[in-house]
2 protein chains.
Amino acid sequence: MARGTRETILTAAIELMRVHGYAALSMKQIVAASGAPIGSIYHHFPEGKGQIAREALVNSGVAYAAVIPMVMAEQLELGAGIRAAFAQAADDMESAGYANMCPVSTVAGEVANSDEPLRLAAASVFGDWITLGRMYFHSRGLAEDLAEEVVIAIICSLEGAFVMARTLRSKTPLLAAGRAVAGTYDGIALLPVPAGSQTLL
Amino acid sequence: MARGTRETILTAAIELMRVHGYAALSMKQIVAASGAPIGSIYHHFPEGKGQIAREALVNSGVAYAAVIPMVMAEQLELGAGIRAAFAQAADDMESAGYANMCPVSTVAGEVANSDEPLRLAAASVFGDWITLGRMYFHSRGLAEDLAEEVVIAIICSLEGAFVMARTLRSKTPLLAAGRAVAGTYDGIALLPVPAGSQTLL
DNA sequence: GTCTATAAGAGGATAGAC
DNA sequence: GTCTATCCTCTTATAGAC
């Protein structure tokens, strides 16, 4: 199927927001990056820039929800799994030249106290990550309360370390943050992933 | 001493950046919030908005460097101290109605891949936090390597949890993130603060 | 659904009197 | 060092032909 104009616009917006955030993103940049003329953009997104950002954020969030299950799949011990996840993130970030990995947290920081509709979009992404993560770790044998605490801690630490790593151009923050979170959960066993099981998405 | 115009402008810029970040901050807002006319602002900051943001970020960073020593002063065990610090942050944030506490991380996220001078200003703030924190925990009896790892982990986790807490309007992320980091360092003793010792600033 | 042209305003920054 | 008036660009968004 040919990718629709709508999707092209959203993809361009996600890429641009990873670099520029929300406020510094202009419709002209979206025009240039997507190839869609301004009239088409407003045809598909009548509410303009805010609507594009909201949908782009949600799309982007869905894509990242699959990352933790993917990284954890082979792991049978929680602490080791967390260390592996952060080490993987550190390597990815270094290979990408410390480009931003994900716009959600960047945009959330910009708008949490100044743009309620966008704040709600970001909140829904975080909420979905937490819900899916809790379900995932519960399916791997953790009690629900512990499962939720683990996901929240991983996301907070990872997002904070992403910002610091990008700013300092160093993977040290990711490795240090990963070790710190992992230590608390060393020795906790993870059930193996049932054969043929699907990602939660 | 009467507070100079320069300081008034910087203070206004810090407050505005906490709410709006960097890109969405306008000179007109700085004019309104500081009371200084636009001409005076460019007299004091000839390089304009970017220069104001750089200096505001650094000023703001210096102020926050004192927080960890303050919160940790009474603590004699590292894990408990970390839990206390995050609990304190959670209470502060709730009382403030989930307003942003500190613009450094928000702005760092916006500019890390798009505005090199501002990225460097943010990097210098993070770097100072790490250096001062390493010195502080070392003075409390931790080996330098461990001291540095602890500060980095605390800052990453705290900054990530701030964003999530503001976005979700909940202190749960701060408490969960704090517990996760603290667990790794439970049982590590802190030397008492020497009587009459000064903060590192 | 696509595209061009343009409106209406806000943006950062400057000039120059005081 | 303060302040007003203004410049020019870039912004979001719309109108309306195709």
Side-chain angles (χ1 to χ4, degrees), chain A residues 1-57 103 106-107 110-111 113-119 121, chain B residues 1-57 103 106-107 110-111 114-121:
Chain A
M1 67 184 179
R3 257 162 52 91
T5 305
R6 233 190 114 85
E7 280 67 38
T8 309
I9 294 166
L10 287 174
T11 304
I14 291 173
E15 289 303 302
L16 288 165
M17 283 200 295
R18 293 195 339 182
V19 178
H20 299 99
Y22 171 67
L25 168 64
S26 79
M27 295 298 265
K28 288 226 166 130
Q29 288 174 301
I30 297 178
V31 167
S34 69
I38 185 78
S40 292
I41 293 179
Y42 277 94
H43 171 77
H44 290 287
F45 301 92
E47 292 161 50
K49 180 178 156 177
Q51 183 187 5
I52 296 174
R54 291 194 301 275
E55 295 196 27
L57 224 53
T106 306
V107 173
E110 284 186 83
V111 302
N113 302 106
S114 58
D115 185 318
E116 190 64 5
L118 255 179
R119 186 215 123 212
Chain B
M1 68 181 179
R3 254 164 53 91
T5 305
R6 232 189 115 83
E7 279 68 37
T8 310
I9 293 166
L10 286 174
T11 305
I14 290 173
E15 289 304 302
L16 288 165
M17 282 200 296
R18 293 194 340 182
V19 178
H20 298 99
Y22 171 66
L25 167 64
S26 78
M27 294 299 266
K28 299 231 163 118
Q29 288 174 302
I30 297 178
V31 166
S34 68
I38 186 76
S40 292
I41 293 179
Y42 276 93
H43 171 75
H44 291 287
F45 301 92
E47 292 162 50
K49 180 178 157 179
Q51 183 187 6
I52 296 174
R54 290 192 305 271
E55 295 196 27
L57 223 54
T106 306
V107 173
E110 285 185 81
V111 303
S114 59
D115 184 318
E116 189 65 5
L118 254 178
R119 187 216 122 212
L120 288 170

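Computed from a prediction, not measured in an experiment: that's the story for all the values here. Residue numbers start from 1 in every chain, and the chains themselves are labelled A, B, ... in the order their sequence lines are given, proteins ahead of strands.
You'll find the side chain of M27(A) reaches within 4.5 Å of the side chain of I38(A), heavy atoms only. Put simply, the side chain of H43(A) does not reach to within 4.5 Å of the side chain of T5(A), judged on heavy atoms. For the pair D115(A) and Y22(A), the minimum side-chain heavy-atom distance is below 4.5 Å.
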Passes side-chain contact (heavy atoms from CB on, under 4.5 Å), I52(A) versus I41(A)? Steps please.
-> CA-CA 9 Å; I52(A) 296 174; I41(A) 293 179; 3.7 Å; yes
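In this structure, the CD1 atom of I30(B) is 10 Å from the P atom of dA13(C), given to the nearest Å. One atom, NZ of K28(B), and another, P of dA13(C), lie 12 Å apart when rounded to the nearest Å. One can place CD1 of I38(B) at 10 Å from C1' of dG11(C), the figure rounded to the nearest angstrom. Taking atom NZ of K49(B) as the reference point, atom C1' of dA10(C) lies 12 Å away to the nearest angstrom. Rounded to whole angstrom, the span from the OH atom of Y42(A) across to the P atom of dA5(C) amounts to 18 Å.
Using a 4.0 Å heavy-atom cutoff across all strands shown, S26(A) reaches sugar-phosphate atoms only and no base atom. Contacts of L25(A) with the nucleic acid, taken as non-hydrogen atoms under 4.0 Å apart, involve only primed sugar atoms and P, OP1 or OP2. Looking at heavy-atom distances under 4.0 Å, G39(A) makes contact with a base.
Of all nucleotides in DNA chain D having an atom under 4.0 Å from a heavy atom of chain B, the first and last in 5' to 3' order are dG1(D) to dA5(D).
A distance of 7.0 Å separates OG of S26(B) from NZ of K49(B), quoted to the nearest 0.5 Å. Taking NE2 of H20(B) as the start and CD of E110(B) as the end, the distance is 11.5 Å to the nearest 0.5 Å.
Along DNA chain D, the nucleotide nearest E47(A) and the nucleotide nearest H44(B) are compared for position; the residue whose nucleotide lies closer to the 5' end is H44(B).
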